[in-house]
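I have placed the structure first, in the form of structure tokens, so that the comments after it can refer back to it.
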Amino acid sequence: MAAARVKDLLSAAETAARAGDASRAVTLYRQILAQMPKHSKAKKALARLERSGGARPRLTQAQAQGVLALANRGAFAQVITGCDTLLAAVQAEAFLHNLKGFAQTQTGDVPGAEASYREALRIDPRFVDARGNLGALYVQAGRHGEAVKNLRQALQEREAWPEAQHNLGVALKAQGDTVAALRHINRAIALRPDYGNALNSRGLLHRDAGDLGLALVDFRAAYDLAPTDQVVADNLGAVLAMLGRVEEAHGITRAQRKAAPDDPEFLQREVVQLNALGRAEDARGAAEALLALSPQNPEALGLVLRLGPEDARVAPRATLSALAEDAKTPAQTRVLGAFALARDAEARGDAAAVARWLDLGNSTNRKTLPPLPVSDAARFEQARRTFADGLPKGWAGAGDPSRKPIFVVGMMRSGTTLVERIIASHSAVFAGGELGAATDFGTPIMARGPRAPRKAVADFARRYLAVLDAVDTAHAHMVDKMPANFFMVGLLHSAFPNAVIINTQRDPRDTCFSIWKNYFDTQAHQYAYDQQELAAFANNYRGLMDFWDEVLPGVVFHIRYEDLVVDQETQSRRLIAHLGLEWEDNVLDFHRSRQAVRTASVNQVREKIYTSSIGGWQPHKDHLAPLLSGLDRGLWGIEG
């Protein structure tokens with residue numbers, strides 16, 4: 001207990017005693033002695049009050065210390081029994097009802113705890129510990145309005161209370177008031193810098209706001225304080241993965257697995273991370289271990305089916321087939337199983353089976369997806385409307401001159417990962433992967449269009465650069481290969497007028513077929529699971545890229561996937577020259593990079609460039625009729 005708080009409690013107790021409010025004075029003295037049993041002045045004053053009690057004796061300090069000792073040992077059932085016994089024998093004591101409420105909270109008796117705290121407050125309406133505990137209980141129960149009311153009352157009595165400040169911040173966050181939530185959580189951390197729960201809560205606020213760099217700092221600090229806290233470890237590992245720091249995220253997962261080796265969730269996470277790191281054999285071994293714990297895990301089955309020798313594929317193929325065909329199987333399992341079986345069938349050259357499984361996987365997944373908050377069609381129109389006259393005049397000069405960002409955009413599966421890997425093989429460039437920061441920070445600006453203030457664009461640039469610095473500071477440049485950033489070319493150029501924007505182009509039939517045969521772990525790409533929607537999206541994309549060339553001539557550098565795979569060196573030299581970098585021969589050995597890959601291209605980019613993917617749609621053209629008829633042949637320049 002802080003000395004200032006003891007002084008305040010002692011002053012309040014003495015004031016209550018002088019006013020004849022013996023019950024409140026006793027409660028306050030007990031609060032002091034609960035934390036400082038040898039406080040001489042409080043002990044003497046409490047003894048005087050106990051001697052002056054009425055017919056029913058007052059609680060003695062020895063009795064209070066007895067039930068407190070039980071609470072400190074975690075014997076909460078005995079605390080409840082002990083409090084009930086004492087309450088039957090002594091005068092009404094707010095202290096006992098509060099302690100009983102705390103014990104009931106620990107045993108999960110929320111209604112009982114609420115009743116106990118309320119009784120403590122009936123006896124002493126100014127009993128701040130009971131008020132704060134009641135507020136914390138309401139946070140736990142999800143009753144955030146009542147939590148805010150009680151915690152604010154408690155903090156009026158005791159502002160320097162880190163736990164109450166934190167709990168109020170959590171309740172306000174749940175109500176959507178993130179500004180006030182951050183203010184109170186910051187206050188909690190200022191009062192107690194080693195407050196791990198508050199650091200974790202602040203990390204969540206930063207993460208949800210897209211400030212991944214700040215989130216990483218807080219989660220790291222919370223993890224250092226409590227490395228065995230699985231919630232904190234999960235949060236830290238997730239942000240590391242979002243920032244592309246998969247090796248570090250895997251280190252967190254390994255520690256979690258060491259603590260709980262038979263937890264399938266941690267093992268599945270390791271499977272994904274090992275595969276992203278290019279450690280195929282280790283990933284397969286982890287997948288086989290996961291199957292021993294969870295024999296029907298579709299991701300593990302799919303990985304063994306893809307990476308294992310032929311004789312090891314028979315069993316997972318049969319299991320996945322049974323799962324995918326059973327209508328009673330959860331939809332997500334059916335979807336993952338169907339896509340894994342489609343990949344396997346394609347590897348075996350069985351076009352009919354590819355069609356069968358892709359039809360099942362795509363149609364099943366499309367039915368599970370909720371409507372998008374903003375449709376893709378609306379986003380295309382939003383971009384055209386915002387930049388119809390070029391860059392908004394109100395944004396002039398708002399950008400940052402940094403050349404650190406390199407944006408690689410395009411349709412998914414059009415070669416964005418390949419281009420990133422080639423560029424990032426240069427010693428001055430880091431592969432940042434698909435960073436979501438531009439979308440997170442840019443969506444509100446795009447929604448307002450030209451009406452968005454200049455400051456919003458400047459803040460976008462500042463926050464985005466902070467994310468890049470959180471990922472890597474050792475390289476002069478970083479590639480952000482989020483394909484859908486093509487929606488925001490105008491905003492990206494406004495925020496970073498010196499940054500390079502590269503658009504990857506590929507035969508739309510190959511691109512769309514590759515999208516059609518892949519499952520994406522996000523609800524954002526809903527168009528990917530319906531051939532007609534996929535064709536419409538592709539046409540809109542191509543039209544938007546033509547629009548950017550018209551209103552922002554020369555801003556976007558285009559590179560064709562087919563040219564790159566046929567003549568890697570010439571096209572790689574074009575890329576490096578456009579970036580203004582000196583040529584390095586190791587750029588041609590991009591496939592040797594050990595940086596993590598977190599997209600559907602994870603296994604392909606570990607290989608040298610190959611041309612077999614050109615025209616890959618042709619063996620499946622009979623099954624792709626809705627897609628092929630929907631593509632605008634004139635827009636794409638498709639002949640024949």
Side-chain angles (χ1 to χ4, degrees), residues 234 237-238 241 253 256-257 260-276 280 283-308 310 312-348 350 352-372 412-413 514-531 533-534 598-603 623:
D234 282 350
T253 301
Q256 291 178 300
R257 278 208 62 212
D262 294 330
D263 190 317
E265 181 180 347
F266 298 148
L267 186 50
Q268 177 162 337
R269 197 175 300 165
E270 185 167 34
V271 169
V272 173
Q273 291 167 347
L274 287 169
N275 196 40
R284 182 164 67 89
E288 290 169 346
L290 177 56
L291 290 176
L293 297 172
S294 180
Q296 294 187 335
N297 184 288
E299 289 183 282
L301 287 164
L303 195 68
V304 172
L305 188 59
R306 184 164 76 249
L307 299 179
E310 180 54 40
R313 298 179 185 179
V314 177
R317 186 180 292 140
T319 302
L320 283 172
S321 297
L323 290 171
E325 291 176 324
D326 187 350
K328 296 179 181 179
T329 300
Q332 182 75 352
T333 299
R334 296 187 74 197
V335 169
L336 291 172
F339 277 103
L341 289 163
R343 284 193 301 269
D344 175 59
E346 187 178 21
R348 292 184 286 109
D350 188 344
V354 171
R356 173 191 174 198
W357 293 121
L358 287 183
D359 275 349
L360 175 62
N362 281 294
S363 61
T364 303
N365 195 44
R366 189 67 181 86
K367 293 173 185 175
T368 68
L369 300 175
L372 290 169
M412 292 192 301
R413 313 297 295 151
S514 187
I515 292 173
W516 177 246
K517 68 181 182 179
N518 275 283
Y519 169 77
F520 303 97
D521 188 17
T522 172
Q523 295 182 355
H525 306 303
Q526 299 194 7
Y527 64 88
Y529 307 110
D530 180 280
Q531 288 194 31
E533 291 182 45
L534 179 52
R598 296 171 291 147
T599 71
S601 309
V602 63
N603 299 110
H623 179 64

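Nothing fancy with the numbering, it's 1 onward along the sequence.
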Is there a donor-acceptor pair closer than 3.5 Å between any side-chain N or O of Thr364 and the backbone N or O of Leu360?
-> yes
Enter the distance from Glu299:CD to Phe339:CZ here, rounded to the nearest 0.5 Å.
-> 13.0 Å
Short side-chain donor-acceptor distance under 3.5 Å, Gln273 and Thr253 | yes
Between OG1 of Thr319 and CG of Leu305, what distance do you get to the nearest 0.5 Å?
-> 10.0 Å
Side chains of Asp234 and Gln256: is there a donor and an acceptor less than 3.5 Å apart?
-> yes
Look at the aromatic rings of Phe520 and Tyr529 and report parallel, tilted or perpendicular, splitting at 30° and 60°.
-> tilted
How far does CG of Asn518 sit from CD1 of Ile515, to the nearest 0.5 angstrom?
-> 9.0 Å
Please report the shortest heavy-atom distance between Ala331 and Thr368, naming the atom on each side.
-> CB-CG2, 3.8 Å
Can you list every pair that meets side-chain hydrogen bond (donor to acceptor under 3.5 Å, both in side chains) and has a residue in residues 335-347, with sequence neighbours left out?
-> Arg317-Asp344, Asp344-Arg348, Glu346-Lys517
side-chain contact (heavy atoms from CB on, under 4.5 Å) partner of Val271, chosen from Leu291, Asn297, Leu303, Val304 = Leu303
Which distance, rounded to the nearest 0.5 Å, do you find between the CG of Leu293 and the CD of Glu265?
-> 13.0 Å
What's the shortest heavy-atom distance between Gly302 and Ala340, and which atoms?
-> CA-CB, 3.8 Å
For Gln523, all residues meeting side chain to side chain donor-acceptor pair (under 3.5 Å), sequence neighbours excluded = none
So how far is it from Asp262 CG to Ser294 OG, rounded to the nearest 0.5 Å?
-> 12.5 Å
Grab the two heavy atoms, one from Leu290 and one from Ala300, that are nearest each other, plus how far apart they are.
-> CD2-CB, 3.7 Å
Give a yes or no answer on whether the side chain of Asn365 reaches the backbone of Gly361 with a donor-acceptor pair at less than 3.5 Å.
-> no
Taking every non-hydrogen atom, the tightest pair across Ala324 and Leu341 | CB-CD1, 4.3 Å
Got a second to check how far Leu307's CG is from Glu288's CD, nearest 0.5 Å?
-> 9.5 Å
So, the side chain of Thr329 versus the backbone of Leu323: is there a donor-acceptor pair under 3.5 Å, distance only?
-> yes
Counting only N and O atoms by type, is there a donor-acceptor contact under 3.5 Å from the side chain of Arg313 to the main-chain atoms of Gly308?
-> yes
Mark yes or no for whether Asn362, through its side chain, and Leu358, through its backbone, hold a donor-acceptor pair below 3.5 Å.
-> yes
Worked check of side chain to side chain contact (heavy atoms under 4.5 Å, CB included) between Trp516 and Asp359 | CA-CA 9 Å; Trp516 177 246; Asp359 275 349; 3.9 Å; yes
Side-chain (Gln531) to main-chain (His623) donor-acceptor, under 3.5 angstrom = yes
Who are the salt bridge (Lys or Arg N to Asp or Glu O under 4.0 Å) partners of Glu533, not counting sequence neighbours?
-> Arg366
